[in-house]
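Structure record follows, encoded as structure tokens.
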Amino acid sequence: FVRLEGEGKQVEMAPRQQHARKKADHAQLCASSAITLALACSIALVFAQPASAVSFQKTADITGPPDALLPRNFSTGQGKIGAKVAEAEKSYGSSSHSFTTVAASTCTPVEGTIHGEGKSLDASGKILVVGGDDGRAVAHCTTTRCLAPDKKFSINPEDATDSSYSVPMCARTGYTPVKGKTVHVAALDDQLAFAGGGCVELFRLEDNLDWVHVASFPQTMDSKDGLSLVPQYFGSLVTLSEGVMAVTGAVQVKGSAVPAPAVVLFLSISQLTWVQVDTITCSDPVCACPGWAGGSQVGPASSCMGGFGSAVAVQEQLLAIGLPNNNSVLIYRQRGAGGTQGLDVSWEFATVISGGTGVSGLGASLAMGRQLLVAGYPSLVGGSGAKVYSMVSDPGVAVPFGKEVYDTRADCCTLKLRCCTSGLVGSAVSAMQQQDTVHVIVGDPLGRQALLVDCNTLSLLSDSPHAVCHMEAAVNPPAGEDTAGAPEHPQRNFGGAVAINGDDFVVADANQGCSSPSTGKGCGCITHVPSCPPGFCLLYDWSESRHVCLGCGDASQCPGSIHSCAIEQAGIFAVTSLGTALIFVLCCCLCSVNLRLLASSLTSCWHVIVDICCCLPVHRREGEEGLLGEDEERREREEGHAGAAPHPPTTR
């Protein structure tokens, strides 16, 4: 309580009260400015995406069929109009999907000494394996729990004495591999295969600590029906599935100087035991591999470009073999069981998938999941792209086995992308299934991009056919990347090889910075594009300087892939940040009503901001008026005589 004595005392205090009120208003104004700035910074830090990682730019929305068809608000009645709209619904569906362009992050080599790194490429959730065109390859662990060193492989004789390299060890009947050719690779879970020099070497990652050699193939040069494998062509391609490995090669046909292309099948009967169970050959002239010479020639192994086995994919009991010269993909189905002595296992022809009119070279690249087959048709004559086919054989489904459900060319031309006119779209494809979504990546080295496609497998099982796949994004090379390819491979560049490594899309540029292989310098690079599974969105974690997948609820509202988190999907990150901001506001409010702060003799707004941000009690400064009664208490303590019993200060 304050007791005022005399009217003059009140008049004398009025100017001091006015001064304190002005300072209080000044402090509140500065506090409001500081609070606004703090809230803006908190929100910006949560939702901002750094340009150095992956930049996103929305370019278009796919809301229906091309303009050449009819607007979506037309009724689907009978006649020509209804037929056109119904066809559009089959191709594009009734829901809208956003399309995005992605600028890839920095393209870097995995090993650094391999020439043409990324000429061949494959990945699993644990392993990324790349091959070069100089006879070398390397496998790299991509999980944080893996402590195994990189696994290096070489077919070159000079690397045989280097203990850091694994070399071919199969039976080759005296064949000596030619130095400096492409090593083809495959990966599945914790297994990887190197194919080169007439051999396939299979390894397994054990306990995330080391690589264990499983087996060398072929174990014998004799194949089915008494035919002999030609060593220099064995291992021109390799692919792995659960318990099955398919390797392309050639067999020597009696009475012919030109070997016939073949696909050799191996079956796993234990973790460390694989057996050769079948060989599929094609001696028809349309299956011939251009450029292949007689079996007696000791020459370099090369892929069968255009012929039978130009690409191969295997998934459980299904096998797909590409035959681009015939614009087709041949499908085989496994018969029998097991792979031990006395059990007959073989793959029998099931059906042929044709590219149809307006398409050439179907089957140049293949990727297969449990329910979908992706087949590329790169062609410099006419259009190019990749088609998706149903592999569901259950009766009664809306989309039967082998039916086409999507073609990238339609979306490329609708969105007016480079892939609409590029001639090498589909040179490489890869696919991976997560829940009911199949993520597909399609390479376009001539257009220097990779296309990301998502497919919903539930659409294959619905009663009424509607859109199964839609294009999510186009991945462009990093800014400033060298546009000049290697002279020996001018057409293979960014997008020449693609893979999916866990949740990341991987794109290779085997020609980046390359000159002649004889220089011995490493070149080529790999870039990663982060993505998330369905039910998650992409968020940048500032604490670890990388992208993380944040759970955001229903997969229908949060499809995953490369979609970044919206504000309402930020979840715990937003709650934490906004909660911190709220505590900060409360602290500032408490500081604002502190009598010491309002009555202080600060002469600058910056002093007030410092006191507010620190949220600490404000110390008295020289000339500052104390609290009422404080001076009187101090005098009472000083006047206490020596030896007197202590007594508490007066309570006021």
Side-chain angles (χ1 to χ4, degrees), residues 62 64-66 69 76 82-95 97 311-324 326-334 347-377 383-414 425-426 429-433 436-440 442 451 453-471:
I62 304 177
L69 299 178
T76 57
K84 285 190 175 183
V85 176
E87 185 64 27
E89 291 290 343
K90 290 182 182 180
S91 301
Y92 290 86
S94 58
S95 60
H97 301 283
V312 61
V314 60
Q315 178 65 39
E316 297 178 350
Q317 295 185 345
L318 290 179
L319 171 68
I321 301 176
L323 183 53
N326 196 44
N327 192 30
S328 61
V329 177
L330 307 178
I331 305 297
Y332 294 80
R333 191 182 299 273
Q334 180 182 336
W347 271 259
E348 297 179 359
F349 175 77
T351 187
V352 58
I353 297 175
S354 176
T357 58
V359 173
S360 62
L362 184 75
S365 60
L366 294 172
M368 185 161 55
R370 293 190 301 271
Q371 296 165 308
L372 293 174
L373 170 70
V374 185
Y377 59 96
S384 64
K387 292 178 178 286
V388 180
Y389 298 90
S390 170
M391 291 287 104
V392 179
S393 56
D394 297 338
V397 296
V399 183
F401 183 87
K403 181 177 176 58
E404 177 186 333
V405 297
Y406 180 74
D407 189 346
T408 59
R409 183 166 172 77
D411 279 348
C412 285
C413 295
T414 300
V425 183
V429 296
S430 184
M432 180 190 67
Q433 183 163 347
D436 298 322
T437 300
V438 177
H439 299 297
V440 178
V442 180
L451 308 175
V453 177
D454 274 1
C455 300
N456 185 359
T457 58
L458 293 179
S459 301
L460 299 173
L461 308 176
S462 62
D463 295 332
S464 59
H466 55 282
V468 175
C469 305
H470 61 273
M471 190 173 294

For a quick test of reading the model, state the closest non-hydrogen atom pair linking [X] to [Y] and the distance between them.
| X | Y | answer |
| --- | --- | --- |
| L366 | A313 | CB-CB, 3.9 Å |
| A431 | A367 | N-CB, 3.9 Å |
| G363 | A311 | O-CB, 3.4 Å |
| G356 | N327 | O-ND2, 3.4 Å |
| Y389 | G402 | CD2-O, 3.5 Å |

**Message:** Can you list everything that forms a salt bridge (charged side-chain N to carboxylate O under 4.0 Å, His left out) with E316? Sequence neighbours excluded, please.
**Reply:**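 With sequence neighbours excluded, E316 shows a salt bridge (charged side-chain N to carboxylate O under 4.0 Å, His left out) to no residue whatsoever.
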**Request:** Check step by step if side-chain hydrogen bond (donor to acceptor under 3.5 Å, both in side chains) holds for D411 and Y406.
**Result:** CA-CA 9 Å; D411 279 348; Y406 180 74; 2.8 Å; yes
**Prompt:** Looking at residues at least two apart in the chain, or sitting in another chain, which of them share a side-chain hydrogen bond (donor to acceptor under 3.5 Å, both in side chains) with T437?
**Reply:** none
Could you check whether any side-chain heavy atom of [X] comes within less than 4.5 Å of a side-chain heavy atom of [Y], counting everything from C-beta outward?
| X | Y | result |
| --- | --- | --- |
| I321 | V329 | no |
| M471 | C412 | yes |
| H470 | V453 | no |
| V442 | V425 | yes |
| L330 | F349 | yes |
| V438 | T457 | yes |

Distance, nearest 0.5 Å, that separates [atom1] of [X] from [atom2] of [Y]:
| X | Y | atom1 | atom2 | answer |
| --- | --- | --- | --- | --- |
| S390 | F401 | OG | CZ | 8.0 Å |
| I331 | S393 | CD1 | OG | 12.0 Å |
| Q371 | D436 | CD | CG | 8.0 Å |
| Q317 | Q334 | CD | CD | 5.0 Å |
| L373 | M391 | CG | CE | 5.0 Å |
| L362 | I353 | CG | CD1 | 8.0 Å |

**Request:** Give a yes or no on whether the backbone of S328 and the side-chain of N326 come within a donor-acceptor separation of less than 3.5 Å.
**Result:**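 No: the side chain of N326 does not pair with the backbone of S328.
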**Asked** How would you list all residue pairs meeting salt bridge (charged side-chain N to carboxylate O under 4.0 Å, His left out) that involve residues 384-393, not counting sequence neighbours?
**Response**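 Counting only pairs at least two positions apart or across chains, the salt bridge (charged side-chain N to carboxylate O under 4.0 Å, His left out) contacts touching residues 384-393 are K387-E404, K387-D407.
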**Message:** Could you go through D454 and H439, starting from their C-alpha distance and side-chain angles, then the distance that decides it, and tell me whether this counts as side-chain hydrogen bond (donor to acceptor under 3.5 Å, both in side chains)?
**Reply:** CA-CA 5 Å; D454 274 1; H439 299 297; 2.7 Å; yes
**Item:** Step-by-step side-chain contact (heavy atoms from CB on, under 4.5 Å) determination, V374 to M368
**Value:** CA-CA 6 Å; V374 185; M368 185 161 55; over 6 Å; no
